[in-house]
Amino acid sequence: MRLGFAVQVLGRPQLRSHDARRAPQQPHLSVSLAYLRDILVYMAEAGLHMYRMHPDLAPYITHPEMPQFHHQIDECLSELEYVGQLARLGGVRLSFHADPYTVLNSADAETQTRSRAKVIALARLLDAMQLPAEAVIVTHVGGLFGDRATSLGRFIACHDSLPPAAQRRLVLENDDRYYALADTYHIHEQTGIPLVLDRLHFLLNNPDHLSLGASLELALNTWPADVRPKVHFSSPRTEMKALAPLPGDDADAGGVRPPLWSNHSDYVNPFEFVDFLRLRPTQPNFDVMLEARAKDLAVLRLQRDLDTFAPELAM
DNA sequence: CGATGTCAAGGAATC
DNA sequence: GATTCCTTGACATCG
């Protein structure tokens, strides 16, 4: 089991995830890849082995009005191969998560075309890095568009229409509001797409009252035998959403308490995590992407906690 | 230098 | 039908 984190590196705040300059400054994939190289070096030092890259690693790679950015993968083939080798040598599993505006089941044909182009580009990046099949692109089903069945069907049709290189990388995650595990499993049966079980989304959106253990087993078994499955794990944030005044608060003490709220807690509750792993009777043969605000720091803390509380599960 | 604004999207909910 | 919210990191701009 490897524990992963997404995009930002809080242990080295100076490390950037991608070249996020605005278009007039001509951001370039080669800059992002230099950043990624630095992140991989840090991960090797820190003992980290799983990382989700920023979906805009290649800036404006499919932006419909900026074709001048569309050839940067071709311009960076050697750098892509280099960082791919670096990841492989470090035993690092890399992945992408499509941004929330990538909607493969969109009822709007242009949106779907743009979304398909984005997934194809992400797959090209992984291929150019020469990464193994475990380097996947995670996405959600998309929107409801007033008709679940039709919208599920549109995802399946879109998946079928993707080039094989993109199909090989794409995996599907249950979401917290619209498409639960039963929906993603239906799509799996029609397409063979592997499923990422997101534990928090499952807890928030489980209309059929499935058990977590059975659902975990179901999702893990959707992966090919030679590809290690992965799941998403996070704990819900419990801080107060709003800055409601507390007794004794200055009436105008704005800014003292941070304006927090999010689905994700800063760190992972180690006891919840151990319970989750123990849903599987054997040593877990899957990887876990932590969706925690503390990012790599949450991974490092959980690794320590596992050493303390469940050494037989720690890696 | 700190604070605020902006950028990227698409969809759903609200009015 | 128009507006707002959702989400979010990092650049850009303002004071």
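Residue numbers start from 1 in every chain, and the chains themselves are labelled A, B, ... in the order their sequence lines are given, proteins ahead of strands. Note: hydrogens, waters and symmetry copies are ignored here, and every other heavy atom, side chains too, is used. It should be emphasised that the depicted structure is a prediction, and the values quoted were computed from it without experimental measurement.
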- Message: Can you work out whether A/H18 or A/R177 has the more 5'-proximal nearest nucleotide on DNA chain C?
- Response: A/R177

- Just checking, any donor-acceptor pair under 3.5 angstrom between side chains of A/H97 and A/E173? yes

- Task: Take the protein atom CZ of A/R116 and the nucleotide atom C1' of B/dG10, then report the distance between them rounded to whole Å.
- Result: 17 Å

- Message: Just the rounded figure in Å: distance from C1' of B/dA8 to CG of A/D56.
- Response: 7 Å

- Message: Check this one for me: any side-chain N or O of A/Y60 less than 4.0 Å away from OP1 or OP2 of B/dA8?
- Response: yes

- Query: For atom P, what is the distance between B/dT14 and C/dT7, given to the nearest Å?
  - Reply: 15 Å

- Item | Length of the CG-P vector between A/D176 and B/dG11, whole Å | 17 Å

- Note on the structure: Between A/F96 and A/H54 the two heavy atoms that sit nearest each other are CE2-O, 3.5 Å

- Between atom NE2 in A/H140 and atom C1' in B/dA12, what is the gap in whole Å? 16 Å

- Note on the structure: By nearest-heavy-atom nucleotide on DNA chain C, the more 5' of A/Q25 and A/V7 is A/V7

- Among the candidates C/dA10, B/dG10, B/dG11, find the nucleotide nearest to the side-chain atoms of A/A20. C/dA10

- Query: Between A/R52, A/K230, A/R2, which is the residue that forms a salt bridge (Lys or Arg N to Asp or Glu O under 4.0 Å) with A/D287?
  - Reply: A/R2

- Message: For a quick check under 3.5 Å, do A/Q25 and A/R22 share a side-chain donor-acceptor pair by atom type?
- Response: no

- For A/S115, which contact category applies under a 4.0 Å heavy-atom criterion: base, sugar-phosphate, or nothing? nothing

- May I ask you to verify if any side-chain N or O of A/Q8 is less than 4.0 angstrom from the OP1 or OP2 atom of C/dT8? no

- Message: Suppose we define a pair by two distances each less than 3.5 Å, Watson-Crick or G-U wobble; what does B/dC15 pair with here?
- Response: C/dG1

- Item | Length of the line joining A/Q14:CD and C/dA10:P, which is rounded to integer Å | 12 Å

- Item | Set of residues satisfying side-chain hydrogen bond (donor to acceptor under 3.5 Å, both in side chains) with respect to A/D56, sequence neighbours excluded | A/K118

- Can you tell me, in whole Å, how much space there is between the P of B/dA8 and that of C/dA2? 23 Å

- Verify the contact: side-chain N or O of A/T102 to OP1 or OP2 of B/dG10, cut-off strictly under 4.0 Å; return yes or no. no

- Message: Side chain of A/V103, heavy atoms from C-beta onward: which of B/dG11, B/dA12, C/dA10 has the nearest atom to it?
- Response: B/dG11

- Between A/R21 and C/dA12, is there a side-chain N or O to OP1/OP2 distance below 4.0 Å? no

- Would you indicate what A/H54 reaches in the nucleic acid, counting non-hydrogen atoms under 4.0 angstrom: base, sugar-phosphate, or nothing? nothing

- Message: Applying a 4.0 Å non-hydrogen cut-off, can you work out what A/R114 is touching in the nucleic acid: base, sugar-phosphate, or nothing?
- Response: sugar-phosphate

- Compare side-chain N and O positions of A/R16 against OP1 and OP2 of C/dC11 and report whether any pair is under 4.0 Å apart. yes

- Report the distance from atom CG of A/D19 to atom P of C/dA12, rounded to the nearest whole Å. 10 Å

- Distance, rounded to the nearest Å, where A/D99 contributes CG and B/dA8 contributes C1': 8 Å

- Query: Do any side-chain nitrogens or oxygens of A/S17 fall under 4.0 Å of OP1 or OP2 in C/dG9?
  - Reply: no

- Message: If you compare all heavy atoms of A/Q72 against all heavy atoms of A/L29, which two are closest, and at what distance to 0.1 Å?
- Response: OE1-N, 2.8 Å

- Record whether the side chain of A/R22 comes under 3.5 Å of the base of C/dC11 through a donor-acceptor pair of N or O atoms. yes

- To the nearest Å, give me how far apart OH (A/Y179) and P (B/dA12) are. 8 Å

